[in-house]
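Data first, discussion second: the structure below is written as C-alpha coordinates.
All values reported here derive from a predicted model rather than from experimental measurement.
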Amino acid sequence: MHHLIRALLDVQSNAAEYTDFEEDQAFAEMNEKLDEHFGEHVPYRRFLENLRSAVAASDKDAVAAMIDYPFKARIDGKAITIRDADNLKSLYDSVFTDRVKQAISGQTYRDLSVNWQGVMIGEGEVWFCGMYSDVGHKQRTIRITAIND
(Lines give C-alpha, C1' and ligand atoms only; values in the text may rest on other atoms or scores of the structure.)
Protein backbone atom coordinates (compact mmCIF):
# COMPACT_ATOMS: atom_id res chain seq x y z
CA MET A 1 0.00 0.00 0.00
CA HIS A 2 2.82 2.39 0.89
CA HIS A 3 4.43 1.77 -2.53
CA LEU A 4 1.14 2.46 -4.30
CA ILE A 5 0.70 5.80 -2.54
CA ARG A 6 4.31 6.73 -3.32
CA ALA A 7 3.80 5.83 -6.99
CA LEU A 8 0.64 7.94 -7.17
CA LEU A 9 2.45 10.90 -5.61
CA ASP A 10 5.28 10.51 -8.15
CA VAL A 11 2.77 10.50 -11.03
CA GLN A 12 1.09 13.65 -9.67
CA SER A 13 4.46 15.34 -9.28
CA ASN A 14 5.44 14.48 -12.86
CA ALA A 15 2.07 15.66 -14.14
CA ALA A 16 2.56 19.02 -12.41
CA GLU A 17 6.02 19.34 -13.96
CA TYR A 18 4.59 18.52 -17.38
CA THR A 19 1.86 21.11 -16.98
CA ASP A 20 4.45 23.71 -15.95
CA PHE A 21 6.54 22.74 -18.97
CA GLU A 22 3.54 23.05 -21.28
CA GLU A 23 2.74 26.48 -19.86
CA ASP A 24 6.35 27.60 -20.19
CA GLN A 25 6.41 26.29 -23.77
CA ALA A 26 3.14 28.07 -24.66
CA PHE A 27 4.44 31.33 -23.18
CA ALA A 28 7.72 30.95 -25.05
CA GLU A 29 5.88 30.32 -28.32
CA MET A 30 3.69 33.40 -27.81
CA ASN A 31 6.76 35.47 -26.99
CA GLU A 32 8.37 34.27 -30.24
CA LYS A 33 5.26 35.09 -32.31
CA LEU A 34 5.05 38.60 -30.92
CA ASP A 35 8.79 39.14 -31.32
CA GLU A 36 8.59 37.93 -34.92
CA HIS A 37 5.66 40.18 -35.86
CA PHE A 38 6.33 43.26 -33.73
CA GLY A 39 9.93 43.04 -32.54
CA GLU A 40 9.05 42.69 -28.84
CA HIS A 41 6.62 40.84 -26.62
CA VAL A 42 6.79 42.38 -23.12
CA PRO A 43 4.69 45.49 -23.92
CA TYR A 44 1.97 43.32 -25.49
CA ARG A 45 1.76 41.06 -22.46
CA ARG A 46 1.67 44.11 -20.18
CA PHE A 47 -1.04 45.69 -22.35
CA LEU A 48 -3.26 42.60 -22.06
CA GLU A 49 -2.79 42.53 -18.28
CA ASN A 50 -3.60 46.24 -17.98
CA LEU A 51 -6.66 45.91 -20.22
CA ARG A 52 -7.98 42.96 -18.24
CA SER A 53 -7.52 44.89 -14.98
CA ALA A 54 -9.12 48.08 -16.29
CA VAL A 55 -12.14 46.27 -17.72
CA ALA A 56 -12.58 44.19 -14.54
CA ALA A 57 -12.57 47.41 -12.50
CA SER A 58 -14.90 49.18 -14.97
CA ASP A 59 -12.27 51.91 -15.18
CA LYS A 60 -13.63 53.77 -18.19
CA ASP A 61 -10.86 56.37 -18.12
CA ALA A 62 -8.12 53.74 -18.21
CA VAL A 63 -9.85 51.77 -20.97
CA ALA A 64 -10.50 54.93 -22.99
CA ALA A 65 -6.78 55.76 -22.81
CA MET A 66 -5.95 52.38 -24.38
CA ILE A 67 -7.76 53.05 -27.66
CA ASP A 68 -6.55 54.45 -30.97
CA TYR A 69 -9.09 57.10 -32.06
CA PRO A 70 -11.08 57.37 -34.17
CA PHE A 71 -11.94 53.70 -34.49
CA LYS A 72 -14.84 51.57 -35.60
CA ALA A 73 -16.80 49.48 -33.14
CA ARG A 74 -19.36 46.92 -34.22
CA ILE A 75 -22.45 47.10 -32.02
CA ASP A 76 -25.50 44.97 -32.74
CA GLY A 77 -24.18 44.30 -36.24
CA LYS A 78 -23.71 47.99 -37.06
CA ALA A 79 -20.36 49.72 -37.45
CA ILE A 80 -20.12 53.00 -35.59
CA THR A 81 -17.21 55.40 -35.35
CA ILE A 82 -15.98 56.27 -31.88
CA ARG A 83 -14.40 59.72 -32.23
CA ASP A 84 -12.57 60.17 -28.93
CA ALA A 85 -12.31 59.14 -25.27
CA ASP A 86 -15.39 61.14 -24.23
CA ASN A 87 -17.42 59.50 -26.99
CA LEU A 88 -16.25 56.06 -25.85
CA LYS A 89 -17.07 56.74 -22.20
CA SER A 90 -20.59 57.82 -23.14
CA LEU A 91 -21.08 54.60 -25.15
CA TYR A 92 -18.97 52.37 -22.89
CA ASP A 93 -21.70 49.89 -21.93
CA SER A 94 -22.80 49.53 -25.56
CA VAL A 95 -19.23 48.96 -26.76
CA PHE A 96 -17.98 46.86 -23.83
CA THR A 97 -20.87 44.41 -23.72
CA ASP A 98 -20.88 41.33 -21.52
CA ARG A 99 -19.59 39.32 -24.50
CA VAL A 100 -16.66 41.70 -25.05
CA LYS A 101 -15.86 41.84 -21.33
CA GLN A 102 -15.98 38.04 -21.07
CA ALA A 103 -13.66 37.68 -24.05
CA ILE A 104 -11.18 40.03 -22.38
CA SER A 105 -11.42 38.46 -18.92
CA GLY A 106 -11.14 34.94 -20.31
CA GLN A 107 -8.21 35.63 -22.60
CA THR A 108 -4.87 34.19 -21.59
CA TYR A 109 -1.60 35.54 -22.90
CA ARG A 110 -0.45 32.20 -24.26
CA ASP A 111 -3.67 31.73 -26.28
CA LEU A 112 -3.71 35.09 -28.04
CA SER A 113 -4.03 35.05 -31.80
CA VAL A 114 -1.32 37.03 -33.60
CA ASN A 115 -0.91 38.01 -37.23
CA TRP A 116 0.39 40.94 -39.28
CA GLN A 117 -2.76 42.95 -38.45
CA GLY A 118 -2.24 42.76 -34.70
CA VAL A 119 -3.29 40.74 -31.69
CA MET A 120 -6.79 39.30 -31.41
CA ILE A 121 -8.68 38.66 -28.19
CA GLY A 122 -11.33 35.96 -28.17
CA GLU A 123 -12.97 35.40 -31.52
CA GLY A 124 -12.25 38.91 -32.75
CA GLU A 125 -14.08 40.85 -30.06
CA VAL A 126 -11.00 43.03 -29.53
CA TRP A 127 -7.95 43.77 -31.67
CA PHE A 128 -4.87 45.67 -30.55
CA CYS A 129 -1.48 46.47 -32.02
CA GLY A 130 1.48 48.79 -31.76
CA MET A 131 0.98 52.15 -33.42
CA TYR A 132 4.01 54.26 -34.28
CA SER A 133 3.83 57.48 -32.30
CA ASP A 134 6.92 59.17 -33.71
CA VAL A 135 8.11 60.35 -37.10
CA GLY A 136 11.11 57.98 -37.19
CA HIS A 137 8.95 54.92 -36.45
CA LYS A 138 11.04 53.90 -33.46
CA GLN A 139 8.44 54.22 -30.68
CA ARG A 140 5.30 52.05 -30.70
CA THR A 141 2.32 52.74 -28.50
CA ILE A 142 0.01 49.77 -28.15
CA ARG A 143 -3.65 50.62 -28.61
CA ILE A 144 -6.98 48.90 -29.24
CA THR A 145 -7.84 49.25 -32.93
CA ALA A 146 -11.21 47.45 -33.12
CA ILE A 147 -13.99 46.17 -30.89
CA ASN A 148 -16.68 43.84 -32.20
CA ASP A 149 -19.73 42.77 -30.21
Side-chain angles (χ1 to χ4, degrees), residues 7-85 87-134 137-149:
L8 288 172
L9 290 174
D10 287 343
V11 168
Q12 285 179 331
S13 175
N14 290 339
E17 289 174 21
Y18 184 71
T19 302
D20 291 343
F21 173 77
E22 279 186 329
E23 185 169 302
D24 290 344
Q25 185 68 26
F27 273 84
E29 288 173 6
M30 181 53 60
N31 290 345
E32 287 176 24
K33 282 182 195 176
L34 288 166
D35 290 345
E36 178 183 320
H37 285 285
F38 308 113
E40 56 190 347
H41 64 271
V42 173
Y44 290 85
R45 183 169 183 183
R46 190 173 303 127
F47 185 87
L48 177 62
E49 291 168 0
N50 292 339
L51 176 62
R52 290 181 69 197
S53 295
V55 169
S58 296
D59 187 342
K60 294 177 185 180
D61 291 324
V63 173
M66 301 175 91
I67 296 177
D68 183 47
Y69 298 100
F71 83 101
K72 297 247 185 238
R74 186 161 295 282
I75 301 170
D76 295 327
K78 295 166 108 179
I80 64 164
T81 299
I82 306 293
R83 298 179 310 275
D84 55 30
N87 188 206
L88 174 79
K89 288 187 271 187
S90 71
L91 296 171
Y92 186 86
D93 292 329
S94 296
V95 175
F96 285 87
T97 62
D98 287 340
R99 180 177 173 212
V100 172
K101 289 188 264 188
Q102 287 172 358
I104 292 168
S105 68
Q107 183 66 58
T108 62
Y109 173 74
R110 68 181 193 193
D111 294 324
L112 286 167
S113 183
V114 179
N115 66 31
W116 64 273
Q117 294 174 300
V119 181
M120 182 179 81
I121 292 176
E123 296 178 7
E125 286 88 354
V126 179
W127 282 85
F128 62 92
C129 70
M131 315 297 291
Y132 286 111
S133 58
D134 65 332
H137 296 288
K138 294 181 182 177
Q139 180 67 34
R140 287 186 203 219
T141 304
I142 301 170
R143 296 282 184 255
I144 294 171
T145 56
I147 299 174
N148 302 296
D149 179 12

- Message: Rounded to the nearest 0.5 Å, what separates atom CE in Met66 from atom CZ in Phe128?
- Response: 8.5 Å
- Specify the closest pair of heavy atoms between Cys129 and Gly118, including all atoms of both residues, with the distance to one decimal. CB-CA, 3.8 Å
- Indicate yes or no: at least one non-hydrogen side-chain atom of Val119 is less than 4.5 angstrom from one of Leu48. no
- Item | Min side-chain heavy-atom separation Phe71-Thr145 under 4.5 Å | no
- Message: The test is side chain to side chain contact (heavy atoms under 4.5 Å, CB included); show your working for Ile121 and Leu51 and say whether it passes.
- Response: CA-CA 11 Å; Ile121 292 176; Leu51 176 62; 3.8 Å; yes
- How long is the span from the NZ atom in Lys78 to the NZ atom in Lys72, to the nearest 0.5 Å? 13.0 Å
- Task: Indicate yes or no for a side-chain donor-acceptor contact from Tyr69 to the backbone of Ala64 under 3.5 Å, with no hydrogens or angles considered.
- Result: yes
- Query: Do any N or O atoms from the side chain of Asp35 and from the backbone of His41 form a donor-acceptor pair under 3.5 angstrom?
  - Reply: yes
- Task: Take Val100 and Val55 through the side chain to side chain contact (heavy atoms under 4.5 Å, CB included) test and state the conclusion after the steps.
- Result: CA-CA 10 Å; Val100 172; Val55 169; over 6 Å; no
- Message: What's the separation between atom CZ in Phe96 and atom OG in Ser58, rounded to the nearest 0.5 Å?
- Response: 10.5 Å
- Message: Determine whether Met30 and Tyr44 satisfy the following criterion, side chain to side chain contact (heavy atoms under 4.5 Å, CB included), listing intermediate values before the conclusion.
- Response: CA-CA 10 Å; Met30 181 53 60; Tyr44 290 85; over 6 Å; no
- Item | 4.5 Å side-chain heavy-atom contact, Phe47 and Ile144 | yes
- Message: Could you check whether any side-chain N or O of Ser90 sits under 3.5 Å from a backbone N or O of Asn87, counting only pairs where one atom can act as donor and the other as acceptor?
- Response: yes
- Donor-acceptor pair, Arg52 side chain versus Ser105 backbone, under 3.5 Å? yes
- Query: Given Ile104 and Glu125, is the side chain to side chain contact (heavy atoms under 4.5 Å, CB included) satisfied, shown in steps?
  - Reply: CA-CA 8 Å; Ile104 292 168; Glu125 286 88 354; over 6 Å; no
- Query: Which atom pair, heavy atoms only, marks the closest approach of Ala26 to Arg110?
  - Reply: CB-CD, 3.5 Å
- Item | Donor-acceptor contact below 3.5 Å, side chain Asn148 vs main chain Gly124 | yes
- Task: Using only heavy-atom distances, determine whether the side chains of Asn31 and Tyr109 contain a donor-acceptor pair under 3.5 Å.
- Result: yes
- Message: Using 0.5 Å steps for rounding, measure from the CG atom of Asn115 to the CH2 atom of Trp127.
- Response: 4.5 Å
- Look at Lys33 together with Glu29 and state whether they make a salt bridge at an N to O cut-off of under 4.0 Å. no
- Interatomic distance, CD@Glu40 vs CD1@Ile142, rounded to 0.5 Å, equals 6.5 Å
- Task: Check whether any side-chain heavy atom of Ile82 sits under 4.5 Å from a side-chain heavy atom of Ile67, and report yes or no.
- Result: no
- Message: Would you compute the distance between atom CD of Glu32 and atom CG of Leu34 and round it to the nearest 0.5 angstrom?
- Response: 10.5 Å
